[in-house]
Structure formats: C-alpha cells, structure tokens
Amino acid sequence: MHAIECTMDELAYKLGIDPLDLRLRNYAEVDPSTEKPFTSKALRECYQQAANQIGWSERNPEPGSMTRGNKLVGYGMATGVWDAYQFPSRIEAIITNEGKLKINNAVTDIGTGTFTVMTQIAADELGLPIEDVIFSYGDSKKPFSMFQGGSSMTSSTGVAIVMAAKVLKKKLLEKAKKMSNSPLVDAVEEDVTFRNGGISLLHDPSVHISFQAIVTANKGQVIKTTKMGKPHLLKLRKYSKMTHAASFVEVEVDKDLKTITVSRAVTAVAAGKIINPKTARSQISGSMVWGISKALQEESVIDENLGKYINANLAEYHIPTHADVHQLEVIFADEKDDLINELGIKGVGEIGLVAMPAAIANAIFHATGKRINKLPIHFDELLE
Amino acid sequence: MANTSNPMENKDQFNGLQAVRLKINGEERELQLLPWVSLLDVLREHLNLTGTKKGCDHGQCGACTVLCDGKRILSCLTLAVLKDGAEILTIEGIINGNQLHPLQQAFIDHDAFQCGYCTPGQICSAIGLLKEGKANTREEVQELMSGNLCRCGANNLAV
C-alpha cells in the first residue's frame with residue numbers, strides 16, 4: 001500500500017495532475033483485483049471531506065514552494081484499505097431473574113472499547129438500559145471468540161450478539177404468550193417490540209410484559225440461548241468487502257536541520273455504521289499515531305555480525321511521545337452497508353494507520369522536492 | 001567450594017536489611033528493606049499497590065511515575081532506602097473519598113487511554129507538572145509529559 005500510494009503521487013506530479021484528482025479519475029467502482037462490486041465504498045466522500053478539512057485546494061502544489069517561518073511546509077495525501085473481517089463467535093445470552101441481560105463471550109478487551117460497544121449493541125437489541133446489561137468476557141472458559149485483532153471484534157462478537165438476541169427474543173415471546181391470561185397470546189413477532197425491559201405491543205405500548213415477569217412465570221428459571229454467529233459467506237462471496245480511508249497530512253521540515261514534524265493530519269474513514277463515535281475516534285487517532293511512528297520513527301536495527309537487535313529498548317526504539325503528536329482529526333464518512341452484516345458495520349482499528357505513512361512521505365516530497373523511498377524517513381535523508 | 005548462596009533467597013539471615021520509613025498515600029509505613037530494592041518494587045511487591053506500573057524498569061517509559069514529596073519521580077530508578085522519611089503519593093492515593101481526582105475524570109471524559117497501562121504514570125506526571133506550575137500551554141504539557149510514553153497512541157487525547 002505504501003509503495004503504491006507513493007508511486008501514485010509520483011505519477012500525479014509527473015503528469016501534472018493533482019494527486020487527489022488522479023485518484024478520483026481512476027476511482028474503482030468495482031474491485032479491480034477480483035472484478036467484484038464492493039458491499040459499500042464511501043471512499044469518494046472520505047477524499048472530499050478530508051480534503052476540505054485540511055484545505056487541500058488552498059495549498060500551492062509546487063514542491064518546496066510553501067514556508068512557515070524557518071520551516072518548509074508540505075501537504076500529502078494517500079488512500080487506505082483494510083479487509084472488513086468477520087469471524088465466528090459464540091454468544092450465550094441469558095435473561096436473569098432480575099430481568100437483566102447477561103452476555104457471555106470469551107472475547108478480551110485490550111482497550112479498544114469492546115466492553116462498551118458490546119454492552120451498547122446488546123442493550124439496543126433487547127431494548128434495555130445500558131445498566132441492565134452485563135457483558136461478561138475475557139475468559140477462555142466462556143463461549144468461543146476469535147482473538148482481539150484484525151479490526152474484527154465488533155463485526156464478529158457484536159454481530160453474533162445480534163444473532164443471539166434474535167433467537168432469545170423469539171424464545172421470550174413464546175414464553176410470554178404462554179403465560180396465564182397473557183395479553184400477548186395472539187401476538188406474532190411483527191406485532192411486538194422489545195423496550196423498557198420487556199415486550200410491548202407495537203400498536204399499543206401500554207400492553208407490556210417485563211422480562212422479569214416472564215422469568216417468574218417460567219418458575220424462576222432464567223431464559224437463555226446460545227448461538228454461534230457467523231458471517232454470511234455464500235452471499236458475501238460475490239462482493240469485495242473493504243474498509244476505506246483517506247489521510248491528508250501537513251508536515252513541517254526545518255530548513256536547516258531538516259527535522260520533520262507532522263503538524264496536522266486528517267483521516268476520513270468509511271467503515272459502515274459507527275457504533276460508538278467516541279471509542280471509534282480513539283481507535284483511528286491511535287492508529288494515526290502509529291502511522292506517524294512508522295513513517296518517521298520506528299526502526300529495528302540489527303547488528304549484522306551478531307544477528308541481534310541492538311535497540312531493543314524504549315530509549316533507542318523510538319515511538320512518538322506527546323511532543324511528536326500534534327493536531328489529529330478524524331472524520332467518519334456516512335456509509336450505509338446492508339450487505340456486510342446485520343449491523344452494517346466494518347472494523348475501525350488498523351484502517352486509520354494504512355494511509356498515513358504514504359501521506360507523510362508524499363507531504364515530505366511536497367515540502368522538500370525529495371522523494372524518500374524508505375521507512376522510517378529521518379532528517380539525514382533530507383540533508384543536502 | 002565457597003558458599004555463593006544468593007542473599008535474596010535468604011533474606012532473614014542476611015544482615016543487610018535496613019529500616020525505612022515511608023509515608024505512602026498518607027499512611028506511615030515501616031519497612032525492612034534490602035538496600036537495592038527499588039521504590040517501584042516496594043510499592044508493587046511489598047505493599048501490593050499495583051496501580052503503579054512496571055513498564056521498562058529502565059527509566060525509559062514513565063509508567064512507574066509517582067510523586068515523592070510532591071515531585072514526580074521514576075520509582076523504578078529510585079532506591080527505596082534513599083527515600084527514608086519521604087512522602088509518596090501513588091495513583092491509589094489521589095482519589096478523594098469516592099470523588100475521582102479531576103485529572104482522572106478528565107482522562108475518562110476525553111477517552112484519553114486505551115489499554116490503560118501508562119495511565120497511572122501519565123496522571124501522576126500531570127499532577128506533578130501542575131504543581132511545578134509548568135502546565136500553561138499545550139506545547140508545554142506536550143513537551144514536559146513526553147517522558148510518559150503511550151503505545152496505544154492516545155497522546156493527543158491525553159494532552
């Protein structure tokens with residue numbers, strides 16, 4: 001991706017076409033590698049919104065033409081794609097004697113917001129307040145989940161929760177119908193809605209049976225179901241399923257010392273529906289920091305005589321500090337995807353990283369007129 | 001063969017133990033410590049105050065930052081015996097009853113952490129910085145908090 005996106009930039013400058021325009025003129029409506037349509041692709045919106053935000057059209061496209069005090073200023077952009085993964089995940093969903101919903105799944109949360117979004121998804125599905133959902137996780141004794149990674153967790157475990165909730169709702173309605181003098185006795189699935197911790201008639205919300213009452217009528221036995229959620233592979237075989245992003249970056253290069261600073265970066269992401277804008281934003285901005293790191297800092301150095309890493313410590317293996325991270329902006333493009341899965345969601349982790357290093361390298365070219373085709377790019381590459 | 005037994009394995013008979021008094025989170029503690037034990041290990045291993053994290057154990061990452069007499073220090077590079085009589089404040093001690101410290105609340109409000117491993121160090125460092133009167137601009141905070149690394153990239157949210 002880095003090589004392609006830097007070469008696209010080089011091509012654009014050789015042709016005298018704006019790098020963004022080159023991409024828009026060659027915009028792929030179907031996946032060129034498989035000739036399959038995308039389940040959704042709001043990359044055009046990503047380009048437009050991120051370009052507007054950073055002020056792309058206001059820059060002088062001539063390399064080396066822009067300055068700010070003692071700094072050369074450059075703008076660069078690049079595209080990112082990431083596979084929209086979904087893995088099987090098994091959910092145990094239980095309505096407890098207190099009428100609360102307990103979800104059991106082995107998935108872990110490494111700080112990505114899994115606990116928060118799974119609770120949200122479960123609460124939405126059963127029409128319960130967040131505080132009445134217990135998401136119990138992080139233990140391999142619990143029902144199966146894939147590893148936390150690949151930007152796949154919300155699609156995998158989140159969608160599995162939706163599938164399990166569907167079965168559980170059916171079960172709850174059956175139990176409710178069988179209660180003595182049940183006001184829902186004649187109701188079918190289409191007639192009811194799940195809200196306020198129970199089942200209501202759609203056309204008459206005053207007809208309401210709480211989950212707690214259903215469990216009580218069930219002789220106090222909890223009502224539970226287990227369901228393995230899986231992607232719809234047969235249907236999805238006909239499509240290319242990708243998350244898309246566009247990163248636009250502003251760099252400053254010191255005229256004398258050639259030190260490089262990413263002074264501003266905007267990444268727009270099209271990842272279907274966003275379940276939690278706050279935690280999703282944190283994921284993308286964290287990825288953008290990793291992008292800065294890959295472009296300018298992180299490097300394993302090997303002693304070729306000994307075959308050992310010589311910088312295996314945090315003082316010599318550089319990662320961005322607070323002083324290296326400046327203005328980062330995240331945009332989520334509206335993207336409706338009815339094909340990908342029940343929630344219309346794709347992953348929001350790595351996609352924030354993919355376009356950043358190329359956008360930074362391209363911005364360094366715009367600032368200095370030098371194209372550096374290696375990573376990380378250090379100041380010494382830019383010294384005359 | 002000479003007896004080469006490791007004194008660490010035989011602490012009771014080793015006469016190198018030293019009495020150290022520390023006031024930790026407002027509580028007086030009297031400890032018998034070997035002179036080479038770091039303050040970080042005292043907190044985590046002797047006192048079970050595991051809120052302070054061991055990242056690199058080299059003074060490179062800032063995860064072990066605590067406040068010593070109000071100043072931020074790296075507890076991994078501090079020998080506990082050298083701080084006899086000092087007042088130590090750790091992440092466990094900054095809460096006021098059930099009321100989170102304003103910085104803790106701010107970190108939550110701004111989603112300023114992901115995995116949370118660096119967070120106790122970030123917050124102690126920030127409290128120290130405020131006490132030093134040097135947290136006046138964003139640039140100052142960025143520069144003077146840069147001893148606290150964050151691998152999740154929650155940097156700009158934290159700052």
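In what follows, chains carry the letters A, B, and so on, assigned in the order in which the sequence lines appear, proteins first and then strands, with residues in each chain numbered from 1.
- Counting non-hydrogen atoms of other residues, nucleotides and ligands closer than 6.0 Å to CD of Glu131(A) gives a total above 12.
- Heavy atoms closer than 4.5 Å to chain B are found in both the backbone and the side chain of Thr279(A).
- Distance check: Asn155(B) CG to Met288(A) CE gives 12.0 Å after rounding to the nearest 0.5 Å.
- The CD1 atom of Ile319(A) sits 9.0 Å away from atom SG of Cys61(B), with the distance rounded to the nearest 0.5 Å.
- By the 6.0 Å contact criterion, NZ on Lys142(A) is enclosed, its count of non-hydrogen atoms from other residues, nucleotides or ligands being greater than 12.
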- [ ] With side chain to side chain donor-acceptor pair (under 3.5 Å) as the test, would you mind laying out the steps for His322(A) and Glu143(B) before giving the verdict?
- [x] CA-CA 7 Å; His322(A) 295 306; Glu143(B) 188 64 37; over 6 Å; no
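- Heavy atoms of Asp109(A) lying under 4.5 Å from chain B are absent altogether.
- The most heavy-atom pairs under 4.5 Å with chain B, out of Ser287(A), Ala315(A), Pro320(A), come from Ala315(A).
- With a 6.0 Å radius and a threshold of 12 heavy atoms from other residues, nucleotides or ligands, Lys294(A) has its NZ atom at or below the threshold.
- Heavy-atom neighbours of Lys278(A) NZ from other residues, nucleotides or ligands within 6.0 Å: above the threshold of 12.
- For the atom pair SG (Cys152(B)) and CH2 (Trp290(A)), the distance works out to 8.0 Å, reported to the nearest 0.5 Å.
- Within the model, atoms CG of Asp111(B) and CG of Asn276(A) stand 8.0 Å from one another, a figure rounded to the nearest 0.5 Å.
- Summarising the local packing, OH of Tyr309(A) is surrounded by 12 or fewer heavy atoms from other residues, nucleotides or ligands at distances under 6.0 Å.
- Judged by distance alone, the side chain of Gln114(B) and the main-chain N or O of Ile110(A) form no donor-acceptor pair under 3.5 Å.
- No side-chain donor-acceptor contact under 3.5 Å links Ser146(B) to the backbone of Thr321(A).
- Glu316(A) and Gln60(B) share no side-chain donor-acceptor pair at under 3.5 Å.
- For CG of Asp84(B), the number of neighbouring non-hydrogen atoms (other residues, nucleotides, ligands) closer than 6.0 Å is greater than 12.
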